[in-house]
Engineer: 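I am attaching a structure below and will ask some questions about it afterwards.
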Amino acid sequence: MSTKTKKKKNSKKLRLIYNILLCVFICIFVGCSIYLIKYFMESKKSEDTVDGLKDMVIDEDEESDVVFDSQYEEVVVATETDAGVVEEIKYIDFDGTLVQKKYARLYKYNNDFVGWIKIEDTDIDYPVMQTMHDEEYYIYRDYDKNSSSAGTLFVDTSSDIIMSDNVLIYGHNMHTGKMFHDLLEYEDEEFYKKHKTFTFNTIHGDGTYEVIAAFRTRIYEVDYTGFKYYQFFDAASEEEFMDYVKNCVSMTPYTIENDVKYGDKLLTLSTCAYHTTNGRYVVVAKKIED
């Protein structure tokens with residue numbers, strides 16, 4: 001075989017390889033583009049759904065005009081605050097479950113709804129769900145129970161939103177900046193100083209929380225014996241409760257003064273972080289107002 005013929009064959013092989021690689025790269029590019037378009041469209045759809053849900057919250061001026069089916073009884077519960085002032089909260093009785101009237105529409109629409117969390121000056125302003133039969137049911141579902149890459153914020157099934165010492169809420173760290181993405185703003189001490197408190201209002205009552213810790217960590221192997229923030233819900237003793245607080249505070253990269261004591265109610269917010277395998281970013285707060 002002549003040198004010229006060999007060169008032609010090699011040239012054909014190179015062109016073939018080039019064309020195959022080009023096709024592969026085009027397929028990868030198209031696939032990634034389709035994925036990103038779908039990702040952002042689902043995120044936009046999720047946000048539109050949340051905007052609609054916000055409109056379903058009943059404000060104080062509207063309360064007297066809202067009438068539910070006769071099967072649902074309105075209940076007024078009077079509670080005494082630390083200041084000695086008696087406050088009246090209106091509830092709707094849904095077959096034995098008392099739901100704050102302002103959230104009654106949301107609960108009637110989907111009774112997995114347990115509350116609403118909001119952190120000022122962030123995109124965190126979302127409903128929170130809990131499904132005891134399947135903890136991660138909403139990890140890739142929206143409020144309407146439709147498929148969604150953004151999912152919906154949800155409570156760990158080991159948490160009782162009324163009784164537990166610690167309520168753990170999970171949410172995605174979306175590249176669009178939605179869901180729990182803005183939790184990572186607490187890495188900046190200046191941001192923390194301006195956002196020391198936030199609200200988590202449940203179907204049972206409203207609550208204001210004060211941040212006591214914010215840190216990076218990870219989900220560990222089953223046989224790991226060190227601190228696992230995601231395994232604490234109800235303390236067997238004061239020592240166990242304070243150990244959880246101490247561990248969380250010690251992992252925070254800046255100083256947060258706190259006066260947490262045994263008996264306080266804690267709220268732990270958790271999202272993915274990408275500093276390590278199975279990385280997580282966590283914000284812990286204590287309840288300061290009902």
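No hydrogens, no waters, no symmetry mates; every other heavy atom, side chains included, goes into these values.
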Engineer: Is there a side chain to side chain contact (heavy atoms under 4.5 Å, CB included) between Met251 and Thr217 once you walk through the steps?
Structural biologist: CA-CA 8 Å; Met251 295 172 72; Thr217 183; 3.6 Å; yes
Engineer: What do the steps show when you test Asn201 against Gln100 for side-chain hydrogen bond (donor to acceptor under 3.5 Å, both in side chains), and what is the final call?
Structural biologist: CA-CA 10 Å; Asn201 301 328; Gln100 285 202 76; over 6 Å; no
Engineer: What about the rings of Tyr254 and Tyr192, do their centers lie closer together than 6.0 Å?
Structural biologist: yes
Engineer: Passes side chain to side chain contact (heavy atoms under 4.5 Å, CB included), Leu267 versus Ile169? Steps please.
Structural biologist: CA-CA 8 Å; Leu267 185 66; Ile169 301 177; 3.8 Å; yes
Engineer: Verify the neighbour count for atom NZ of Lys194: are there more than 12 heavy atoms of other residues, nucleotides or ligands below 6.0 Å?
Structural biologist: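 Not more than 12 within 6.0 Å, no.
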Engineer: Is the distance between the ring centroids of Tyr281 and His275 less than 6.0 Å?
Structural biologist: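 No; His275 has its ring centre 6.0 Å or more from that of Tyr281.
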Engineer: Please check this pair: side chain of Thr276 against backbone of Gly279, looking for a donor-acceptor N/O pair closer than 3.5 Å.
Structural biologist: no
Engineer: So how far is it from Glu238 CD to Glu240 CD, rounded to the nearest 0.5 Å?
Structural biologist: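 Output value for this atom pair is 12.0 Å.
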Engineer: Check whether any side-chain heavy atom of Leu183 lies under 4.5 Å from a side-chain heavy atom of Ile119, and answer yes or no.
Structural biologist: yes
Engineer: What orientation do Tyr137 and His133 show, parallel under 30°, tilted 30 to 60°, or perpendicular over 60°?
Structural biologist: tilted
Engineer: Distance from Arg280 atom CZ to Arg218 atom CZ, nearest 0.5 Å?
Structural biologist: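 It comes to 10.0 Å.
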Engineer: Please answer whether the main-chain N or O of Tyr143 pairs with a side-chain N or O of Asn110 as donor and acceptor at a distance below 3.5 Å.
Structural biologist: yes
Engineer: Just wondering, more than 12 heavy atoms not from Met163 lying within 6.0 Å of its CE?
Structural biologist: no
Engineer: One pair to check against side chain to side chain contact (heavy atoms under 4.5 Å, CB included): Asp125 and Lys54. What are the steps and the verdict?
Structural biologist: CA-CA 9 Å; Asp125 187 7; Lys54 291 176 183 177; 3.2 Å; yes
Engineer: Identify the heavy atoms of Val249 and Ile212 that sit nearest to each other, and give their distance.
Structural biologist: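 Looking at all heavy atoms of both residues, the shortest contact is CG2-O, 3.7 Å.
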Engineer: Side-chain donor-acceptor pair under 3.5 Å between Asp123 and His181, yes or no?
Structural biologist: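 Not at all, the side chains of Asp123 and His181 share no donor-acceptor pair under 3.5 Å.
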Engineer: Hey, does Val155 have a side-chain heavy atom less than 4.5 Å from the side chain of Leu168?
Structural biologist: no
Engineer: Take Leu269 and Val282 through the side chain to side chain contact (heavy atoms under 4.5 Å, CB included) test and state the conclusion after the steps.
Structural biologist: CA-CA 6 Å; Leu269 313 178; Val282 179; over 6 Å; no
Engineer: Please name all residues satisfying salt bridge (Lys or Arg N to Asp or Glu O under 4.0 Å) with Lys246, sequence neighbours left out, ordered by chain then number.
Structural biologist: Asp243
Engineer: Can any side-chain N or O of Asp93 pair as donor or acceptor with the backbone N or O of Leu98 at less than 3.5 Å?
Structural biologist: no
Engineer: Going by heavy atoms in the side chains, are Thr271 and Leu184 under 4.5 Å from each other?
Structural biologist: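 Yes, their side chains come closer than 4.5 Å.
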Engineer: Going by side-chain contact (heavy atoms from CB on, under 4.5 Å), name the residues that satisfy it together with Glu257, two or more places apart in sequence or in a different chain.
Structural biologist: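 So Glu257 forms a side-chain contact (heavy atoms from CB on, under 4.5 Å) with Thr255.
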Engineer: Inspect the surroundings of NZ in Lys261 and state if more than 12 heavy atoms from other residues, nucleotides or ligands are less than 6.0 Å away.
Structural biologist: no
Engineer: How many angstroms lie between SG in Cys248 and CG in Leu266, if you round to the nearest 0.5 Å?
Structural biologist: 8.0 Å
Engineer: Would you check if Thr199 and Asp206 make a side-chain contact, meaning some heavy-atom pair closer than 4.5 Å?
Structural biologist: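 In short, these two side chains do not touch, never coming nearer than 4.5 Å.
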Engineer: Donor-acceptor check, side chain of Thr208 to backbone of Ile288, threshold 3.5 angstrom: yes or no?
Structural biologist: no
Engineer: For the pair Asp188 and Lys193, find out whether any cationic side-chain nitrogen is under 4.0 Å from an anionic carboxylate oxygen.
Structural biologist: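 Salt bridge absent between Asp188 and Lys193.
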Engineer: Please find the pair of heavy atoms, one from His195 and one from Val211, that lie closest to each other, and give the distance.
Structural biologist: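 Residues His195 and Val211, closest heavy atoms: O-CG2, 4.2 Å.
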Engineer: If you measure from CD1 on Ile92 to CD1 on Ile58, what distance do you get to the nearest 0.5 Å?
Structural biologist: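 That separation rounds to 7.0 Å.
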Engineer: Closer than 3.5 angstrom, by distance alone: can the side chain of Glu135 be matched with the main-chain N or O of Thr157 as a donor-acceptor pair?
Structural biologist: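 Pair found, side chain donor or acceptor close to backbone of Thr157.
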Engineer: Taking atom types as modelled, is there a side-chain donor on Gln130 or Asp156 under 3.5 Å from an acceptor on the other?
Structural biologist: no
Engineer: Quick check for you: to the nearest 0.5 Å, what is the distance between Ser158 atom OG and Tyr230 atom OH?
Structural biologist: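 One gets 13.0 Å once the value is rounded to the nearest 0.5 Å.
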Engineer: Are Trp116 and Leu53 close enough that some pair of their side-chain heavy atoms sits under 4.5 Å apart?
Structural biologist: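 In contact.
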Engineer: Could you tell me whether the side chain of Asn247 and the main chain of Phe227 form a donor-acceptor pair under 3.5 Å?
Structural biologist: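 No: the side chain of Asn247 does not pair with the backbone of Phe227.
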Engineer: side-chain hydrogen bond (donor to acceptor under 3.5 Å, both in side chains) for Tyr229 and Ser270? Distances and angles first, verdict last.
Structural biologist: CA-CA 9 Å; Tyr229 76 94; Ser270 173; 2.6 Å; yes
Engineer: Are the side chain of Lys102 and the backbone N or O of Tyr91 linked by a donor-acceptor pair below 3.5 Å?
Structural biologist: no
Engineer: Under 4.5 Å between side-chain heavy atoms, hopping through other hydrophobics if needed: is there a path connecting Met132 to Ile161?
Structural biologist: no
Engineer: If you look at every heavy atom in Val283 and Ala214, which pair is closest and at what distance?
Structural biologist: CG2-CB, 4.2 Å
Engineer: Quick one: closest heavy-atom pair of Asp134 and Thr131, and the distance?
Structural biologist: O-OG1, 2.5 Å
Engineer: Please find the pair of heavy atoms, one from Arg216 and one from Ala273, that lie closest to each other, and give the distance.
Structural biologist: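 In this case the closest contact between Arg216 and Ala273 is NH1-CB, 3.5 Å.
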Engineer: Determine whether His172 and Ser149 make a side-chain contact, defined as any pair of heavy atoms from C-beta on separated by less than 4.5 Å.
Structural biologist: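 No, side chains not in contact.
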Engineer: Is the Lys NZ or Arg CZ of Arg105 less than 6.0 Å from the centre of Tyr109's six-membered ring, within 45° of the axis?
Structural biologist: no
Engineer: For the rings on Tyr186 and Phe215, is their centre-to-centre separation under 6.0 Å?
Structural biologist: no
Engineer: Using atom types as modelled and distance alone, determine if a side-chain donor or acceptor of Asp142 lies under 3.5 Å from a backbone N or O of Asn146.
Structural biologist: yes
Engineer: Is it true that the side chains of Tyr103 and Thr202 contain a donor and an acceptor less than 3.5 Å apart?
Structural biologist: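 The criterion, which ignores hydrogens and geometry beyond distance, is not satisfied for Thr202 and Tyr103.
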Engineer: Going by atom types only, do Asn166 and Thr268 share a side-chain donor-acceptor pair under 3.5 Å?
Structural biologist: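 Asn166 vs Thr268: donor-acceptor pair found between side chains.
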Engineer: Would you say the rings of Phe113 and Tyr107 are close, in the sense that their centroids are separated by under 6.0 Å?
Structural biologist: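 For Tyr107 and Phe113, the ring centres are not under 6.0 Å apart.
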Engineer: With the side chain counted from C-beta on, respond yes when Lys108 and Val99 share a heavy-atom pair under 4.5 Å apart, and no when they do not.
Structural biologist: no
Engineer: How many angstroms lie between atom CZ of Phe191 and atom CG of Asp182, to the nearest 0.5 angstrom?
Structural biologist: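 It comes to 6.5 Å.
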Engineer: Can you tell me which residue among Tyr126, Phe154, Tyr138, Phe180 is in a ring-ring contact (aromatic ring centres under 6.0 Å, His included) with Tyr170?
Structural biologist: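 With Tyr170 as partner, ring-ring contact (aromatic ring centres under 6.0 Å, His included) holds for just one option, Phe154.
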Engineer: For the residue pair Phe94 and Ala104, what are the closest heavy atoms and their distance?
Structural biologist: CZ-O, 3.6 Å
